[in-house]
2 protein chains.
Amino acid sequence: MPKLSDEAIQERMAIIEDAARELFIKHGFHATSMRDIARRAGVSLGNLYNYYATKDAIFESIIDRYLGVIDMELRAIFDEIDEPMEPASLRKLGSNVGRLVDDHSDFWLLMYIDVLEFQNQHFRKMFDGVSDRFRKIFGRRFRDAEKRGDLRVGVEPAPAFTAAYMQFFNYFLVEKLFGGNHHMGLTDEQALNHITKIFAYGTLSEASLARFKKTANKAAG
Amino acid sequence: MPKLSDEAIQERMAIIEDAARELFIKHGFHATSMRDIARRAGVSLGNLYNYYATKDAIFESIIDRYLGVIDMELRAIFDEIDEPMEPASLRKLGSNVGRLVDDHSDFWLLMYIDVLEFQNQHFRKMFDGVSDRFRKIFGRRFRDAEKRGDLRVGVEPAPAFTAAYMQFFNYFLVEKLFGGNHHMGLTDEQALNHITKIFAYGTLSEASLARFKKTANKAAG
DNA sequence: CAAATAAAAATGAACGTTCGTTTTTTTTCC
DNA sequence: GGAAAAAAAACGAACGTTCATTTTTATTTG
């Protein structure tokens, strides 16, 4: 048998990694055996080692792939934000974060595996200097908003935006993975509106609040 | 050898559970062996089974003990809150949550183990209906604040307080366990002040804001 | 256009260890 | 001496990994 095409190899690796990921997030890394992975992937035990040197290598390959996907999705989410401090933008960010957590809850479970069993070595970069990254992406918009006097005195846009972003993430992670089951006592929609409202009133100056009044009221539904 | 006194038994169990907890949070549950636990506790392998029927039983005993401790600490934190919606109260809550996360980071790692390897069965109650619990604790204060017109129109105190509480928790967990390393671009003190300020301005009416002006300005440092 | 070739891919038994747990033996102390 | 506690030894099952072998199939050959 001549060498498989690259696409064929990628296909087989995807099958193996899908199986492994499902097992890892269900039982953890060390509770999942190579035999389990082989069985679920419909592949022989020995053949796994034609594609991966070790069990660790499977985990790392899954994470590398997934980090790329999430990075792209986050980029897309930030790309569609024009004015980061506008209430409507925050509200949209919240929805998008919710979708991201929903669509990729596996990813966040892998992160917890990494924290527990690998000292968080693969995911460290996710949260390292989030605020600085936002400053890089929205720096100009932040400065413009400050110049226009859109912000309350003493409110720095980068930390404020970071706080809102983290709050949205935390809200949906608690709901999806930690059994929150409407832990804020509201539907997801209402919770998003409430958080958005708090951050709008909490960060925007009276002048700019007046300007966004209509939008804010609609969002607070 | 006569039967050990109850205190002696509790002492020995504490030694075993301390050892097991340290290993669990460092490597995860399944990556920790009974031999590891015995070695670290300075006890023979077989003797572990004089105290616990299974390895799972050790984990459950650790969690039961710890849930009690955390529950008490949380109760103490809420007990010292007079007016939950006051900026000074929120700021204090933030500090206390920070101390709780710092002093008991083991506990939160155990929670992640539970999510991953035990379907979150032991920790579910932690986040189930948080908002309702606050409504029970602070119900009267919440209603008083609403009656006095302290809150912005459309802001419900229970979800708002829950949001602040969750934000504080999330902030310190990210810092302590996920390699955030000042992810908001501020020191812990500054971050607490910033979050407090946002929630104060985000939830309080103009009238009550004026009343708290002095306190809020001091807190915003 | 088959049939033969060759080498990659897949297999599953087997390796030495380590696992959680049980059983047996030794130690301890009234 | 006797019973409880601790230690040691032993158990079968399961672990990650290896490897000799078989199967598969694109290419070469007649």
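All chains are named by letter (A, B, ...) in the order of the sequence lines, taking the proteins before the strands, and each is independently numbered beginning at 1. Note: hydrogens, waters and symmetry copies are ignored here, and every other heavy atom, side chains too, is used.
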- Report the residue (B:Arg35 or B:Asn50) whose heavy-atom-nearest nucleotide on DNA chain D is the more 5′ of the two.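 Final value for this comparison: B:Asn50.
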
- Item | Earlier contact from the 5' end, DNA chain D, for A:Asp36 and A:Gly46 |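 This one resolves to A:Asp36.
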
- Would you call B:Arg99 and B:Asp102 a salt bridge, taking side-chain N to carboxylate O under 4.0 Å as the test?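 Not counted as a salt bridge, because no side-chain N and carboxylate O are separated by less than 4.0 Å.
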
- Query: Using 4.0 Å as the upper bound for N to carboxylate O, is an ion pair formed by B:Glu189 and B:Arg91?
  - Reply: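 Answer for the salt bridge query: yes.
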
Atom-pair distance ([atom1] on [X]; [atom2] on [N]), nearest Å:
X       : N      : atom1 : atom2 : result
A:Glu11 : C:dA10 : CD    : C1'   : 16 Å
B:Asp56 : C:dG20 : CG    : P     : 10 Å
A:Ile58 : D:dC15 : CD1   : P     : 14 Å
A:Met34 : C:dT18 : CE    : P     : 18 Å
A:Leu45 : C:dC15 : CG    : P     : 15 Å

Does the side chain of [X] get closer than 4.0 angstrom to OP1 or OP2 of [N] through an N or O atom?
X       : N     : value
B:Tyr49 : D:dA6 : no
B:Tyr51 : D:dA6 : yes
B:Arg12 : D:dA5 : no
B:Ser44 : D:dA7 : yes

- Could you tell me how the ring of A:His122 sits relative to the ring of A:Phe118: parallel (under 30°), tilted (30 to 60°) or perpendicular (over 60°)?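 Aromatic pair A:His122/A:Phe118 classed perpendicular.
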
- Is the shortest heavy-atom distance from the side chain of A:Leu177 to the side chain of B:Asn120 under 4.5 Å?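 With C-beta onward as the side chain, the pair stays apart.
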
- Return the nearest nucleotide to the side chain of B:Asn47; candidates are D:dA6, C:dA13, D:dG16.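 Ranking D:dA6, C:dA13, D:dG16 by closest atom to the B:Asn47 side chain puts D:dA6 first.
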
